[in-house]
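Only a predicted model underlies this, so the values are computations on that prediction, with no experimental measurement involved. Read the numbers this way: they start at 1 and go in the same order the structure lists the ligands and their atoms.
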Amino acid sequence: MIHEVIVTTISEKSIVHIAPMGIQIIDNKVTISPFRPSQTLENITNNNLATINFIDDVRVFAGIVTKYKKDWELENIRDKDMVPQLLLANTHYNVIAKEFKDDERRPDIICDISKKVINKPFMGFNRAQSSVIEASVLISRLKMLPIEKILQEIEYLRIGILKTAGPRESEAWAWIEKKIKAFQEENIK
Ligand SMILES: Cc1cc2nc3c(=O)[nH]c(=O)nc-3n(C[C@H](O)[C@H](O)[C@H](O)COP(=O)(O)O)c2cc1C
């Protein structure tokens, strides 16, 4: 099973990096699989630290992949051996990388969980949130997939938005639509 989460990591210069990732949780260990090259991979390789943010505010996924909102508020923590979590995270796990399974495309980083914290309640499933996550994956592959396929899938995903979105999902969806439009305009020129 893959959990779509936001991974926070920290660079050598103490800059916190925020990235959507699909992780696995098996036998109380977290596996993160960042593509090569990526800032997430570089940061974890440097200090072995990451924080897994389980989050129902899907604006974070859409904001980062569209690049329309990349800075999300972080919790202030003093422990220098921990990466801060997003203020919006429902639950977060602080993790420590223990094993790197190298791969030229996408290594697996297997981590111990050092702390699990529940910050706020999970309010149930929402179709619009799923639509935004699926659309965010499409956006991260804009340059790889045929635009016709992307437009066709967006058309279907829009149903979940129209029927079930709240203000956060609508805001995220607007970024998705804007990004696709900008991409089409750039590629028509
Ligand atoms: C739902 C979702 C899941 C993703 N899962 C992964 C993943 O497991 N590994 C990865 O490298 N990128 C994944 N991506 C794409 C990254 O978030 C994106 O490429 C990001 O820029 C990572 O690179 P960075 O660490 O340099 O920021 C995912 C994107 C989305 C929207």
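- The only member of V95, I110, I113 that meets side chain to side chain contact (heavy atoms under 4.5 Å, CB included) when paired with K29 is I110.
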One pair per line, please: each N/O atom of ligand 1 matched with every protein N/O atom under 3.5 Å away, atom names first, then the distance to 0.1 Å.
{"unit_1": "ligand 1", "atom_1": "5 (N)", "unit_2": "G22", "atom_2": "N", "d": "3.1"}
{"unit_1": "ligand 1", "atom_1": "8 (O)", "unit_2": "G22", "atom_2": "N", "d": "3.0"}
{"unit_1": "ligand 1", "atom_1": "8 (O)", "unit_2": "R106", "atom_2": "NH2", "d": "2.6"}
{"unit_1": "ligand 1", "atom_1": "9 (N)", "unit_2": "S33", "atom_2": "O", "d": "3.0"}
{"unit_1": "ligand 1", "atom_1": "11 (O)", "unit_2": "F35", "atom_2": "N", "d": "2.6"}
{"unit_1": "ligand 1", "atom_1": "14 (N)", "unit_2": "P20", "atom_2": "O", "d": "3.4"}
{"unit_1": "ligand 1", "atom_1": "17 (O)", "unit_2": "P20", "atom_2": "O", "d": "2.6"}
{"unit_1": "ligand 1", "atom_1": "25 (O)", "unit_2": "H17", "atom_2": "NE2", "d": "3.3"}
{"unit_1": "ligand 1", "atom_1": "25 (O)", "unit_2": "Q39", "atom_2": "N", "d": "3.4"}
{"unit_1": "ligand 1", "atom_1": "25 (O)", "unit_2": "T40", "atom_2": "N", "d": "3.0"}
{"unit_1": "ligand 1", "atom_1": "25 (O)", "unit_2": "T40", "atom_2": "OG1", "d": "2.6"}
{"unit_1": "ligand 1", "atom_1": "26 (O)", "unit_2": "Q39", "atom_2": "N", "d": "2.8"}
{"unit_1": "ligand 1", "atom_1": "27 (O)", "unit_2": "H17", "atom_2": "NE2", "d": "2.6"}

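- For F183, the ring-ring contact (aromatic ring centres under 6.0 Å, His included) test picks out no residue, with sequence neighbours left out.
- Evaluation of the side-chain hydrogen bond (donor to acceptor under 3.5 Å, both in side chains) test over residues 150-160, restricted to residues two or more places apart or in two chains, returns K149-E153, E155-R158, R158-E177.
- In this model, no donor atom of one side chain and acceptor atom of the other lie less than 3.5 Å apart for K80 and N47.
- Distance alone, capped at 3.5 Å, places no donor-acceptor pair between the K179 side chain and the K181 backbone.
- Within the structure, the ring pair (Phe, Tyr, Trp, His ring centres under 6.0 Å) test picks out the following pairs touching residues 70-102 (sequence neighbours left out): F54-Y93.
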